Visitor: 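One structure, as structure tokens, below. Some questions next.
In each ligand, atom 1 is the first atom listed, and ligand 1 is the first ligand listed. The structure presented is a predicted model; accordingly, all values stated were derived computationally and were not measured.
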Amino acid sequence: MNVAPDFEAFTNTVNGDQRSALKAQRTIDPSTKRALWPVPIGSTQDIEDAIFAAQHAFTTWSKTTWAARQDVLSLMHAALQAQRENMAKLLTLEGGKPIQFSEMEVDHSLRFLEFNSKQAQIQDVIVQDDDELHLSLRYRPIGLVAAICPWNYPLVLAIAKIGAALITGNCVIVKPSPYTPYSILKFTELVQPLLPRGVLQAIHGDDSLGPYLCAHPRIQKISFTGSTATGKKIMSSSAQSLKRLTLELGGNNASIILPDVDPGVVAPQVALGSFLNSGQLCVASKRIYVHQDIYDEFLRAMVDTVRSWKVGPTSGFVRDLTLGPVQNEMQFNKVMAIIENSRANGHRFALGGDRDEAHPESYVIAPIIVDRPPDNSLVVTSEAFGPIVPVLSWTDDEEVIERVNNDVTGLGGAIWTSDQARAQHFADRIETGTVWINSIEKPLPQAYFAGLKESGLGGEWGEQGLLAYCKVQTIHRYKPAVTI
Ligand code: NAD
């Protein structure tokens, strides 16, 4: 498949060793539907061994100096940098991204490692210090973190968790999505020589693995990125042992386009923000609200932009594609059902709408823009997580804010206008954890990221996100002179 030989064999990492298993599974390349390499399905014994190893490793790793952990993250950065090309190819094969976007994912993973390696040590907070009392808060590592990851950005979303958890002194067991195990298993293997045994482990498993980790009493924290439905299950199954939780979940994000923008400049960017990775991006714009005054021109510019893109299977790592296939059959069928629903309800397709017969051997879906479907239609109310986007019109500020907020999720959103004060007014009213103003939805390692409403619980990334990997201990130290 045109990747380096070292990148064609995959194992779990348990206690510093590469482990195969009695049972193996192959996932598919979504561009061809052909099976990729076998990957071991971890057993219960593998998980127990990993938990035991992590507990042991934590006793020393949590006491290493912050500077030593920074050095390790820098070395991990160098190890990934050295394999940038191979890792990008793996991402294209397992996820279907055009190769240049896979390279961007590797680069973004590198930025997360670099960001975390350069974070200053978290200092104690002195609440009170007088003749009587020294009252302080200390931030200490939580212990063993299970990082449960999705398939849409399998490397960067895992590495963002790993970087923050390790720098703060925790040990991590990564559970990749069963759809995309390859890149993160390989990364974990590559960096083993840089870490004490048991500090970073990765286990691919079947559907029982995630619930097993969530129910396990010796795992102290779950950091989960995935769907809202699974997030709710994890919250429930983690309750038994009162685990610390970070839930980064789905979102039906809206872009609001004000009438003062130039459609020729903004529409191409909004189109990219909607369709990047074939819409399989948690913060992608999934509803576009365009002011009535510029609606026709904006829609035309958006359609022209998307029509100009080349869309197809990413086989051969060709570089001229903007969009590849959706990642798996479940997602393909979900998007198809939404298209079918729009068709059945007589929605107008400004672009696309037919199954792309040109690529029956793959999960490619030609991008679709739906012109002003009703607000209560499936294409508006659901997170398609695929290359289909509704464009809607609005006239009144209050009306559009209400429509945008009329959703159970609250992950991200974008506002486009040259009027900074008006943009801020909108941002203040939008019920989402992140708002982008005059930009597509680009998450950054230095920006705290959290979903509101059913888009999440807690948050991570950025300096503030490190606290999600710490427990706070309050120390009341009375001065000897007043101690009885
Ligand atoms: P998913 O919820 O189906 O799966 C995510 C992970 O959870 C997988 O590793 C899966 O094996 C595991 N899992 C499934 N059931 C489990 C259970 N009962 N207990 C423990 N683990 C379990 O999500 P997905 O389809 O992989 O990802 C797509 C979704 O993720 C979309 O909704 C998207 O918006 C969301 N997402 C959110 C963010 C964010 O940062 N907020 C980022 C990327 C994706």
Side-chain angles (χ1 to χ4, degrees), residues 25 27 41-42 47 94-95 105 108 112 146-161 173-181 184-185 202-216 219 222-240 243 245-253 276-286 326-335 382-386 407-413 432-434 441-445 447-461 465 468:
Q25 179 207 342
T27 73
I41 299 176
I47 306 166
E94 71 179 346
E105 181 170 354
H108 211 39
F112 270 98
I148 302 183
C149 306
W151 47 259
N152 61 331
Y153 282 88
L155 188 69
V156 67
L157 292 174
I159 284 184
K161 295 180 191 304
I173 296 176
V174 181
K175 190 203 99 53
S177 164
Y179 291 114
T180 51
I184 192 63
L185 286 185
I203 302 181
H204 166 78
D206 57 21
D207 287 348
S208 65
L209 174 54
Y212 192 90
L213 292 170
C214 293
H216 204 291
I219 291 177
I222 303 286
S223 176
F224 169 74
T225 300
S227 64
T228 297
T230 305
K232 288 179 182 178
K233 285 186 199 160
I234 287 180
M235 195 163 177
S236 167
S237 57
S238 302
Q240 207 50 39
K243 290 190 197 332
L245 284 182
T246 301
L247 302 177
E248 300 280 7
L249 310 177
N252 194 11
N253 318 299
L276 193 68
N277 196 25
S278 296
Q280 303 165 114
L281 170 66
C282 59
V283 288
S285 270
K286 292 156 189 166
V326 297
Q327 200 276 331
N328 58 64
E329 187 177 9
M330 177 269 302
Q331 199 56 39
F332 182 87
N333 291 337
K334 187 176 163 196
V335 177
S382 64
E383 184 198 18
F385 218 56
D407 196 272
V408 291
T409 66
L411 188 61
T432 60
T434 303
E441 299 83 346
K442 283 183 293 202
L444 300 171
Y448 182 66
F449 188 65
L452 303 186
K453 303 198 276 187
E454 292 199 5
S455 286
L457 185 77
E460 47 192 13
W461 306 356

Visitor: Non-hydrogen atoms of Gly451 versus ligand 1: any pair closer than 4.0 Å?
Guide: no
Visitor: Among all protein heavy atoms in this structure, tell me which lies nearest to atom 7 (O) of ligand 1, with the distance rounded to 0.1 Å.
Guide: Phe224 CE1, 3.2 Å
Visitor: Under a 3.5 Å threshold, yes or no: a donor from one side chain and an acceptor from the other, between Gln327 and Thr180?
Guide: no
Visitor: Starting from atom 35 (C) of ligand 1, what is the nearest protein heavy atom, named by residue and atom, and what distance separates them?
Guide: Gly226 O, 3.1 Å
Visitor: Report the nearest protein non-hydrogen atom to atom 21 (N) of ligand 1: residue, atom name, distance rounded to 0.1 Å.
Guide: Gly210 CA, 3.5 Å
Visitor: Give the residue and atom name of whichever protein heavy atom lies nearest to atom 25 (O) of ligand 1, and the separation in Å to one decimal.
Guide: Trp151 NE1, 2.9 Å
Visitor: Around atom 14 (C) of ligand 1, find the nearest protein heavy atom and jot down its residue, atom name and distance.
Guide: Thr230 CG2, 3.5 Å
Visitor: Give a yes/no on ligand 1: does Tyr179 have at least one heavy atom closer than 4.0 angstrom to it?
Guide: no
Visitor: Provide the number and element of each atom of ligand 1 under 4.0 Å from a heavy atom of Pro211.
Guide: 17 (C), 18 (N), 19 (N), 20 (C)
Visitor: So is Ser237 in contact with ligand 1, going by heavy-atom distances below 4.0 Å?
Guide: no
Visitor: In Å, rounded to the nearest 0.5 Å, how long is the span from OG of Ser237 to NZ of Lys243?
Guide: 8.5 Å
Visitor: For Leu411, counting its heavy atoms only, list the atoms of ligand 1 lying under 4.0 Å from any of them.
Guide: 41 (N)
Visitor: So is Cys149 in contact with ligand 1, going by heavy-atom distances below 4.0 Å?
Guide: yes
